[in-house]
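Values in this document were obtained by computation on a predicted structure and should not be read as measured data.
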Amino acid sequence: MKKLLLYISLFIFQFSILGQNTLNNSKMDWWKEARFGMFIHWGLYSLPAGVWDEKEIPGIGEWIMLRGKIPTSDYQKLAAKFNPIQFNADAWVKLAKDSGMKYIIITSKHHDGFAMFKSKDAFNIVDATPFNRDPIADLAKACRKYKIKLGLYYSQAQDWNHAGGAAASGGHWDSAQNGSMDKYIDDVAVPQVKEILSAYNPAIIWWDTPIDMNKNRADRIASVIKSYPNLITNNRLGGGYEGDLETPEQYIPGTGIPGKNWESCMTMNNTWGFKSKDNAWKSTVVIIRNLIDIASKGGNYLLNVGPTAEGIIPQPSIERLLEVGKWMQKNGTAIYGTSASPFAYLPWGRCTQKGNLLYLHVFNWPTNGIIKLPLANNDIVDSYLLSDKKVSVNRSKAKDSKYIEIYLPLKAPDTIASIVVLRLKSKPILTILDPIPSLKKSATASSQKNDSTNPSLAFDGNGRKGWVAADTDKTGWITVDLGKPTSIGSISMTEAGMFDKFIKRFELQYKKDDKWIAIYEGKTIGAGYFKTFTPIISQEFRLNVLESTKAPQLKEIQLYFDE
């Protein structure tokens, strides 16, 4: 009987820590209210800042050790030079607060194996550097002061410094890295996870790159968190552990991830860790509209900063974050605690929802002063500008129309996104139930790599798998049949991965009288591609890839209804 009870308790424990990623899990309440957080990638890699032996190393800054195949003995010498005396935990957390962020996640240990906290393992910032301080402890204190939740990133699998740690892109390049991964899990990963949980009691543990993480290895790490029932974990532990949230990286899923908690993590330039030559900063407009887009699909926005080796957050990041903060001071009520839009697509902007309140985020202020909403409700109590509740907004609906027309002032209150509030008596009732007519429709393609990369996967709304052409192809096409002639006015696409931009030239086409006619020609797609065009009525649409550096592949394609 005791054995039976033990087996039952172990099953219940394992089921709970696997994480069901359900929207009704109470420990996620604060996280869903937050909607906006700061990611911080900071470590020894901030010192070379993308350059090694006077050569710029391609790729993201924090991967310089792997990309440059730097021997462990050489990389370890960076610790003696790492002295971020300008680090100010209070200033960092206050910046997050002033930017409208509600939580912080910082790299406690990245793939280079260097611990940014006091650890029994000697390769840590307190014992191996002249800085001789624990910045995670300082940040934990500042987070308590400003009422910001603290989360810790921990690389549980990839570790390029400790023997036995995993390595991507071809594996180890230094014999010092060779060893047993099971021993690495037992001697490094498990003890350090215990250390950060007991020392800092974080609200979130953010795993990453579960290379070679089988179930047995993941079980050993997962067992550590059993005493932390309120700890939020992501989906990257490996070994079948789903965690509490999905983590699309560097892109926003076209349809969100319905029924799941999810968080898009994105950089402000092209790299996570500081890279001195990367000045491709996103504009404040892009950042704010990303935040709105993500919230409108029910997700959180985890926006990254990469501090320098001196401990300074780059000035372009600070400037943009403070500008976002000013916008959030005026409009945050339309972001915090909101749920996904009832409308899958709105050509002029986005919508967030809070109970019977609809927040209409207008990106493209109409020249005729009218936006349309596919809403059947006759119980709209009030409509006004969020920026000035005294400015009421008129509305009307013709008997034969699918839309409520909303009449806006001639001038937009905000050039980035102006918000109109609709207060309803009941839940929204939509008049257009199929705004994404391509969703889950059948598709064909010029070729496919295998059965698990068939073209219909690009239209399933999942975003995890998609269409991949045969390995030998550098061109190809993918066609979707909508089932009936439909007016299409926009398209969203996501290529193979977060940094992949294999496709170099393509045409979007529609079929008319058995001929394919080009709607427009484009170049790169990458992650989070979106384009609006003059509406076309057709039953079949095709993406024709004219040039690609490798076999064309697309994780997600969606066409949006317009009339």
Side-chain angles (χ1 to χ4, degrees), residues 251-256 282-283 285-297 340-352 360-374 402-403 405-406 408 412 414-420 430-432 434-439 441 458-459 461 463 478 480 482 485-495 501 503 505-512 516-545 554-563:
Y251 77 98
I252 303 168
T255 56
K282 295 179 177 69
S283 69
V285 174
V286 168
I287 292 169
I288 291 175
R289 290 187 177 181
N290 280 348
L291 173 59
I292 295 168
D293 189 21
I294 290 166
S296 77
K297 295 168 182 173
S341 170
F343 314 103
Y345 169 67
L346 295 167
W348 40 259
R350 302 291 184 271
C351 173
T352 54
L360 311 181
H361 302 253
V362 185
F363 295 169
N364 305 313
W365 202 257
T367 55
N368 66 355
I370 301 172
I371 59 172
K372 299 190 297 182
L373 202 62
K402 295 178 181 178
Y403 298 94
E405 290 189 341
I406 298 170
L408 304 175
D414 192 300
T415 57
I416 298 175
S418 300
I419 300 172
V420 176
L430 276 59
T431 55
I432 297 176
D434 192 21
I436 311 179
S438 59
L439 188 62
K441 292 296 192 299
F459 296 92
I478 179 170
V480 63
L482 304 181
T486 307
S487 179
I488 298 297
S490 301
I491 185 171
S492 66
M493 295 185 283
T494 298
E495 214 171 330
K501 290 187 177 182
I503 295 172
R505 192 164 63 93
F506 66 89
E507 273 188 351
L508 180 63
Q509 303 171 332
Y510 71 99
K511 198 170 189 179
K512 182 179 180 181
W516 288 106
I517 300 172
I519 300 172
Y520 72 91
E521 183 175 309
K523 293 183 180 179
T524 57
I525 293 175
Y529 177 94
F530 185 87
K531 185 174 178 63
T532 298
F533 48 86
T534 302
I536 296 291
I537 298 176
S538 182
Q539 180 170 321
E540 293 182 74
F541 289 81
R542 182 170 79 168
L543 186 77
N544 189 23
V545 179
L554 287 154
K555 279 190 175 180
E556 193 70 16
I557 309 172
Q558 297 300 343
L559 300 169
Y560 297 88
F561 176 83
D562 202 347
E563 68 172 20

Between Ser492, Ser490, Ser438, which is the residue that forms a side-chain hydrogen bond (donor to acceptor under 3.5 Å, both in side chains) with Gln558?
-> Ser438

Looking only at heavy atoms, what is the nearest atom pair of Leu346 and Pro374, with distance?
-> CD2-CD, 4.0 Å

To the nearest 0.5 Å, atom CE of Met493 lies from atom NZ of Lys531 at 10.0 Å

Which of Ile536, Ile488, Ile491 passes side chain to side chain contact (heavy atoms under 4.5 Å, CB included) with Ile519? It is Ile536

Gap separating the CG atom of Leu360 from the SG atom of Cys351, nearest 0.5 angstrom | 5.0 Å

Classify the ring geometry between Tyr345 and Tyr560 as parallel (under 30°), tilted (30 to 60°) or perpendicular (over 60°).
-> tilted

With Trp348 as reference, evaluate Leu408, Thr532, Ile370, Leu373 under the side chain to side chain contact (heavy atoms under 4.5 Å, CB included) test and give the passing residue.
-> Leu373

Quick one: CG on Leu543 to CG on Leu508, what's the gap to the nearest 0.5 Å?
-> 6.5 Å

So, is the end of the Lys511 side chain (NZ or CZ) under 6.0 Å from the ring centre of Phe541 and within 45° of the ring's axis?
-> no

Is the Phe506 ring parallel, tilted or perpendicular to the Tyr529 ring (thresholds 30°, 60°)?
-> perpendicular

Could you tell me whether Glu495 and Lys501 make a salt bridge, using a distance below 4.0 angstrom between a side-chain N and a carboxylate O?
-> no

Look up atom CD in Gln539 and atom NZ in Lys512, then write down how far apart they are to the nearest 0.5 Å.
-> 15.0 Å

Heavy-atom distance under 4.5 Å between the side chains of Thr524 and Ile503, does that happen here?
-> no

Rounded to the nearest 0.5 Å, how far does CD of Glu507 lie from CD1 of Ile517?
-> 11.0 Å

Heavy atoms of Pro342 and Leu430 approach each other most closely as O-CD2, 3.1 Å

Side chains of His361 and Thr352, donor plus acceptor under 3.5 Å | yes

Does Arg289 come within less than 4.0 Å of Asp293, counting only side-chain N to carboxylate O?
-> no

Least distance between heavy atoms, Ala458 atom then Leu554 atom | CB-O, 3.8 Å

Donor-acceptor contact present, side-chain Glu540 to main-chain Leu482, <3.5 Å | no

Within-4.5 Å side-chain heavy-atom neighbours: Thr255 and Ile436 = yes

Min side-chain heavy-atom separation Lys297-Ile252 under 4.5 Å | yes

Do you know the tightest heavy-atom contact between Phe363 and Ile416?
-> CD2-O, 4.0 Å

Enter the distance from Leu559:CG to Phe459:CZ here, rounded to the nearest 0.5 Å.
-> 6.0 Å

